[in-house]
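Reviewing the structure listed below.
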2 protein chains.
Amino acid sequence: MPHRLVPQSVIKRLPIYLRVLDMLVQRDIDVISSKDLSEETGFTAEQIRKDLAYFGAFGTRGTGYHTEFLRDKILKIIGLDRKTKVIVVGAGHLGFAFTRYTITKNPYVNVVAAFDIDSSVVGSKILDLEVLPVSDMEQVVEKEEVKVAIMSVPAEQAQEVANKLIDAGIRAILNFAPVRLDYPEDVYIHNVDLTNELQSLIYYSTTEQEKIGRLSEEQE
Amino acid sequence: MPHRLVPQSVIKRLPIYLRVLDMLVQRDIDVISSKDLSEETGFTAEQIRKDLAYFGAFGTRGTGYHTEFLRDKILKIIGLDRKTKVIVVGAGHLGFAFTRYTITKNPYVNVVAAFDIDSSVVGSKILDLEVLPVSDMEQVVEKEEVKVAIMSVPAEQAQEVANKLIDAGIRAILNFAPVRLDYPEDVYIHNVDLTNELQSLIYYSTTEQEKIGRLSEEQE
DNA sequence: CTGTGTGAAGGAGTTCACAGCG
DNA sequence: CGCTGTGAACTCCTTCACACAG
């Protein structure tokens, strides 16, 4: 199974296929065609077949894909076949919400710990998970060999926290802080900036017509 | 100022430019070159110039861009020059966190109301904002002429809530529920699925080397 | 004869290279 | 002489078309 460079756009679609397949397995649907997967996901059937072809030939010609088999293949491809350990750094409102949601709704990951610097938050619980002081962070990451971190800390602290995480052995970070971080090439950081998402959404909340109207009201 | 189709990738970068320009204005830096903007944002200088060129010629040759001027241009392009009204539907942990963050940190939008269906949440406060029952939603959207909504409701309720929002006049929705929604063409919906983000991140937490090793351990 | 797997064509966006203005 | 603005080349991804397996 060769593993050339897979486009990022393909990787972003895998979890979407995964969710649909999970749903189909639960509904006892054994087989699905790329055409039907297309309906469920909104992507074209050709694209789905091409995406899967990056990793092998998982379908049966004339029939389609076996849902459970394909689901397990995708789990293996992403690396979710063994519950992936993750930690959360920053147990503010967002970190709390994300942690709670992940624990209850994401069966493929294992939130091993949550950390915060604020002593008023440390010691509180997210479901059964106690929030630990950041001073324990490096030790836990090293001992549990955690490779993935979710970082929801204030922008000012993000770089420092990221450095610590990377030093301790973290390889991938989901960063909610609105800053561009410096990091070595062998680490992967994905930024989720909700303010940016909202602002680009707002761009699309006015039609082309309205934009032309507004922009021609130039008065400077 | 012609307004042909601007690539989505360009629109996603505008808020990033905006944030950097805000920072520069605050530091009393009057002028910046595309090269220096490149350093700040991580995008190439050529790309930044091309992006801006979609909307006009805002720079001065031999000098660069006037920060405050460019900032105001981008605000106008996105549609943030008048505080954009938004509502939040679903005041669970995530909705609460997002609302709080937006009110305190995003000076360009105005959260006019938050709604929830759960009577134990209705009446509670997010900073000074009282959470209203969803039954008030349509009325507020129509009266205040809100065009943008943030939707952080359970997946099962998402389609129904979206339908109501669109009927009431909402034109753009930031959807945190992990479902693909049906909606008319003149509405814009942007999905933010944090579970997907985490899962594609996990793909990148193992190196190519490790993947090859793990995938060759096939035993079925 | 249905639906996958895939080379080939097409399209979208990024990088290159440089003309042209301040 | 520096840095913007932009056509042209290029790269990457998506769509098309079809060979081929079940």
Side-chain angles (χ1 to χ4, degrees), chain A residues 1-17 20-21 24 29-74 77 200 203-204, chain B residues 1-17 20-21 24 29-71 73-74 77 200 203-204 208:
Chain A
M1 200 176 286
H3 223 287
R4 13 168 194 197
L5 251 70
V6 181
Q8 200 160 15
S9 47
V10 174
I11 303 305
K12 292 209 80 179
R13 286 190 288 268
L14 292 180
I16 300 172
Y17 302 147
V20 170
L21 290 165
L24 294 169
I29 296 169
D30 286 345
V31 172
I32 188 157
S33 67
S34 59
K35 189 152 174 295
D36 289 348
L37 269 175
S38 169
E39 298 257 308
E40 292 291 337
T41 60
F43 307 121
T44 67
E46 300 88 332
Q47 183 161 68
I48 293 168
R49 295 202 299 274
K50 264 251 150 83
D51 284 357
L52 298 176
Y54 274 99
F55 306 100
F58 303 134
T60 312
R61 293 177 189 228
T63 311
Y65 300 89
H66 186 77
T67 52
E68 202 168 340
F69 176 78
L70 184 57
R71 192 260 312 261
D72 291 348
K73 279 294 178 191
I74 292 178
I77 292 162
S200 43
Y203 175 87
Y204 291 105
Chain B
M1 199 177 285
H3 224 285
R4 3 155 207 210
L5 252 70
V6 181
Q8 199 160 14
S9 48
V10 174
I11 304 305
K12 292 209 80 177
R13 288 192 287 269
L14 292 180
I16 301 173
Y17 302 148
V20 170
L21 289 166
L24 293 169
I29 296 169
D30 286 344
V31 173
I32 189 157
S33 67
S34 59
K35 190 153 173 293
D36 289 348
L37 268 176
S38 169
E39 299 256 308
E40 292 291 336
T41 59
F43 307 121
T44 66
E46 300 88 332
Q47 183 160 67
I48 293 168
R49 295 203 298 275
K50 265 253 151 82
D51 285 356
L52 298 176
Y54 273 99
F55 306 100
F58 303 135
T60 313
R61 293 176 189 229
T63 310
Y65 299 90
H66 186 75
T67 52
E68 202 169 341
F69 177 78
L70 183 58
R71 193 260 312 261
K73 280 292 180 193
I74 291 177
I77 291 162
S200 46
Y203 175 87
Y204 291 105
E208 296 295 297

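Sequence lines set the chain letters: A, B, ... in the order given, protein chains first and strands last, and positions in each chain run from 1. Bear in mind that the values here come from a model prediction, so they are computed numbers and not experimental data.
Between the side chain of B:Ser200 and the backbone N or O of A:Ile11, no donor-acceptor pair lies under 3.5 Å. At least one donor-acceptor pair under 3.5 Å links the side chain of A:Thr41 to the backbone N or O of A:Leu37. In terms of modelled atom types and a separation under 3.5 Å, the side chain of A:Thr67 and the main chain of A:Ile29 share a donor-acceptor contact.
Residue B:Ile48 contributes atom CD1, which lies 13 Å from atom C1' of D:dC3 at whole-angstrom precision. We find that NZ of B:Lys35 is positioned 16 Å from P of C:dT15, with the value rounded to whole Å. One can place CZ of B:Phe55 at 14 Å from P of D:dT6, the figure rounded to the nearest angstrom. Protein atom CZ of A:Phe43 is 9 Å distant from nucleotide atom P of D:dT14, rounded to whole Å. As rounded to whole Å, 12 Å separates atom P of D:dG5 from atom NZ of B:Lys73. If you take CG of B:Leu37 and P of D:dC3, they are 13 Å apart, rounded to a whole angstrom. To the nearest angstrom, C1' of D:dC13 lies 15 Å from CD of B:Gln8. Residue B:Tyr65 contributes atom OH, which lies 14 Å from atom C1' of C:dG22 at whole-angstrom precision.
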**OP:** Apply the test side-chain contact (heavy atoms from CB on, under 4.5 Å) to residues A:Ile48 and A:Tyr17: give CA-CA distance (whole Å), side-chain angles for both, the deciding distance (0.1 Å), then the verdict.
**Re:** CA-CA 9 Å; A:Ile48 293 168; A:Tyr17 302 147; 3.6 Å; yes

**OP:** Let me see the working for B:Asp30 and B:His66 under side-chain contact (heavy atoms from CB on, under 4.5 Å), right down to the final yes or no.
**Re:** CA-CA 6 Å; B:Asp30 286 344; B:His66 186 75; 4.2 Å; yes

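Remark: A:Ser34 is not in phosphate contact with C:dG3, judged by side-chain N or O atoms under 4.0 Å from OP1 or OP2.
Of the residues in residues 9-17 of chain B, those lying under 4.0 Å from DNA chain C by heavy-atom distance are B:Ser9, B:Arg13.
Evaluation of the salt bridge (Lys or Arg N to Asp or Glu O under 4.0 Å) test over residues 48-57 of chain A, restricted to residues two or more places apart or in two chains, returns A:Arg13-A:Asp51.
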**OP:** Any chance you could list the contact pattern along nucleotides 15-22 of chain D? Use B for base contacts, S for sugar-phosphate-only contacts and - for none, protein heavy atoms under 4.0 Å, 5' to 3'.
**Re:** BBB-BBBS

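A:Tyr203 has its side chain out of reach of B:Pro15: every pair of non-hydrogen atoms, C-beta onward, lies at least 4.5 Å apart. Side-chain contact check for A:Thr60 versus A:Tyr65: every heavy-atom pair is 4.5 Å or farther apart. Within the 4.5 Å cutoff, side-chain heavy atoms of B:Tyr204 are placed close to those of A:Gln8.
Residue order along DNA chain C, read from the 5' end via each residue's closest nucleotide, puts A:Ser33 first among A:Ser33 and B:Pro7.
Closest approach to the A:Ala53 side chain among D:dT4, C:dT6, C:dT4 is made by C:dT6 (side chain taken as heavy atoms from C-beta onward).
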